[in-house]
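Predicted, not measured: the structure shown is a model, and the values here were computed from it. In what follows, chains carry the letters A, B, and so on, assigned in the order in which the sequence lines appear, proteins first and then strands, with residues in each chain numbered from 1.
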Number of protein chains: 2
Amino acid sequence: MSAYTPSETSRRSGFSLDTLRYYERIGLLSEIDRTPGGQRVFSDDDLGWLGLLRCLRDTGMPINQMCRFAELARTGEQSIADRVELLRAHAAAAEEQMALLERQYGHLREKIRYYESVLAETP
Amino acid sequence: MSAYTPSETSRRSGFSLDTLRYYERIGLLSEIDRTPGGQRVFSDDDLGWLGLLRCLRDTGMPINQMCRFAELARTGEQSIADRVELLRAHAAAAEEQMALLERQYGHLREKIRYYESVLAETP
DNA sequence: CTCACACCTGGAGCGCGCTCCAGGTCAAGC
DNA sequence: GCTTGACCTGGAGCGCGCTCCAGGTGTGAG
């Protein structure tokens, strides 16, 4: 169970220092340890949680939904069913997003091929 | 070569009326026909262009890059090489985005499975 | 002709997700 | 002990991509 400075945590999580503080302010991060002087000390658990937040962000979950998830997580084991439901709903949204992205990516490739054919015809 | 009212165009393109006007203002749409009274009349070409814009948006291209693309498109055939280059760069970005999304989606599914196993153990 | 509703313009406002700042405090190396 | 650089807080500001508004005009049905 290591301890990490804010900058180390930023480096490892990929969130900026400001973002880490912001996340704490809005309740996405809670109970972050402090030195006697008041500076944050992050734990492996915190890094794990940040990894989950990163995963949710990268798959397009809006902040307020992440807050809801964090809130559930704070209530302990009893909320696991709710949490898994939230994650499943989000996974479904991510699937739709991936499908849309792939479809439009296909159109994009078509468009590129079309332009290439125009280029080939008039050299 | 049909003509479409703004609301019809909105319906078909999926962009709101406000967005259509906004796109015209910032130069993403140009030369939109008008009635003698000043109301917009969209053509099939416009709809096609809007389809392309939709594709670029959905694959995450930022507005200012789309503006650059639109600008190139206005200069005619001579810019096709530049346009195709821009699209290829964007396609590469979209590929990265898809890869990230899929990776994180995988983590999400793992997390869900983990929660499900916790649920299964303590019923 | 009238009415209702779609549309027009310019500009302000908004929601999101950070990011930056001022003005201070803490901690580690010399 | 001093310096230096990392860190603290509260709050303001920002960039993006729209979205909304007020106040007015166009247009098509009846």
Side-chain angles (χ1 to χ4, degrees), chain A residues 3-43 46-47 49-50 52-71 90 93 97 100 104, chain B residues 2-43 46-47 50 52-71 90 93 97 100 104:
Chain A
Y4 307 94
T5 64
S7 57
E8 179 74 8
T9 308
S10 168
R11 210 181 51 67
R12 286 182 185 246
S13 68
F15 292 113
S16 76
L17 290 173
D18 268 318
T19 299
L20 291 173
R21 290 194 275 257
Y22 168 67
Y23 278 6
E24 190 176 355
R25 266 213 288 268
I26 64 174
L28 274 185
L29 256 38
S30 51
E31 311 281 322
I32 301 298
D33 278 358
R34 301 291 183 125
T35 63
Q39 315 217 172
R40 288 173 185 80
V41 179
F42 292 85
S43 68
D46 295 330
L47 271 171
W49 177 251
L50 284 169
L52 179 50
L53 293 185
R54 158 81 40 224
C55 163
L56 297 177
R57 281 301 290 133
D58 284 349
T59 48
M61 184 181 282
I63 292 273
N64 62 58
Q65 220 170 115
M66 297 192 346
C67 286
R68 167 133 181 68
F69 184 75
E71 208 179 316
H90 176 61
Q97 199 195 152
L100 173 63
Q104 296 290 41
Chain B
S2 307
Y4 308 94
T5 64
S7 58
E8 178 74 9
T9 308
S10 168
R11 210 181 51 68
R12 287 182 184 244
S13 68
F15 293 113
S16 76
L17 289 173
D18 268 317
T19 298
L20 291 174
R21 289 193 275 257
Y22 167 67
Y23 279 6
E24 190 176 354
R25 266 213 287 267
I26 64 174
L28 275 184
L29 254 41
S30 53
E31 311 281 321
I32 302 297
D33 278 356
R34 301 291 183 124
T35 62
Q39 315 219 173
R40 287 174 185 79
V41 179
F42 292 86
S43 66
D46 295 330
L47 271 171
L50 284 169
L52 178 51
L53 293 185
R54 159 78 44 221
C55 164
L56 298 177
R57 284 299 291 132
D58 284 349
T59 48
M61 183 181 283
I63 293 273
N64 62 56
Q65 217 170 117
M66 297 195 341
C67 285
R68 166 131 182 69
F69 184 75
E71 207 179 316
H90 176 61
Q97 198 195 152
L100 172 63
Q104 296 291 41

- Query: At under 4.0 Å between heavy atoms, what does Arg40(A) touch on the DNA or RNA strands: base, sugar-phosphate, or nothing?
  - Reply: sugar-phosphate
field: Any Cys67(B) side-chain heavy atom under 4.5 Å of Ile26(B) side chain
entry: yes
Rounded to whole Å, the CD-P distance (Gln39(B) to dT25(D)) equals 13 Å
Q. Sub-3.5 Å donor-acceptor pair from the side chain of Ser43(B) to the main-chain atoms of Ala3(B), do we have one?
A. no
Comparing Arg21(B) with Met61(B), nearest DNA chain D nucleotide closer to 5' gives the residue Met61(B)
Looking only at heavy atoms, the pair that brings Leu56(B) and His90(B) closest together is O-NE2, 3.8 Å
Outer limits of DNA chain C sitting under 4.0 Å from a non-hydrogen atom of chain B, read 5' to 3', are dC7(C) to dG11(C)
Touch class at under 4.0 angstrom, heavy-atom based, for Arg57(A) against every strand present:
sugar-phosphate
Separation between CZ (Arg34(A)) and CD (Gln39(A)), nearest 0.5 Å, reads 9.0 Å
Which part of the nucleic acid, if any, lies within contact of Phe15(B), taking any heavy atom under 4.0 Å across all strands shown: a base, the sugar-phosphate backbone alone, or nothing?
nothing
DNA chain C nearest-nucleotide lookup for Thr19(A) and Pro36(A): closer to the 5′ end is Thr19(A)
* **Sidechain N-carboxylate O distance under 4.0 Å for Glu8(A), Arg11(A)** => yes
Checklist entry - If we only count heavy atoms from C-beta on, is the Gln104(B) to Arg54(A) side-chain gap below 4.5 Å? => result yes
Leu20(A) atom CG is separated from dC7(D) atom P, nearest whole Å, by 10 Å
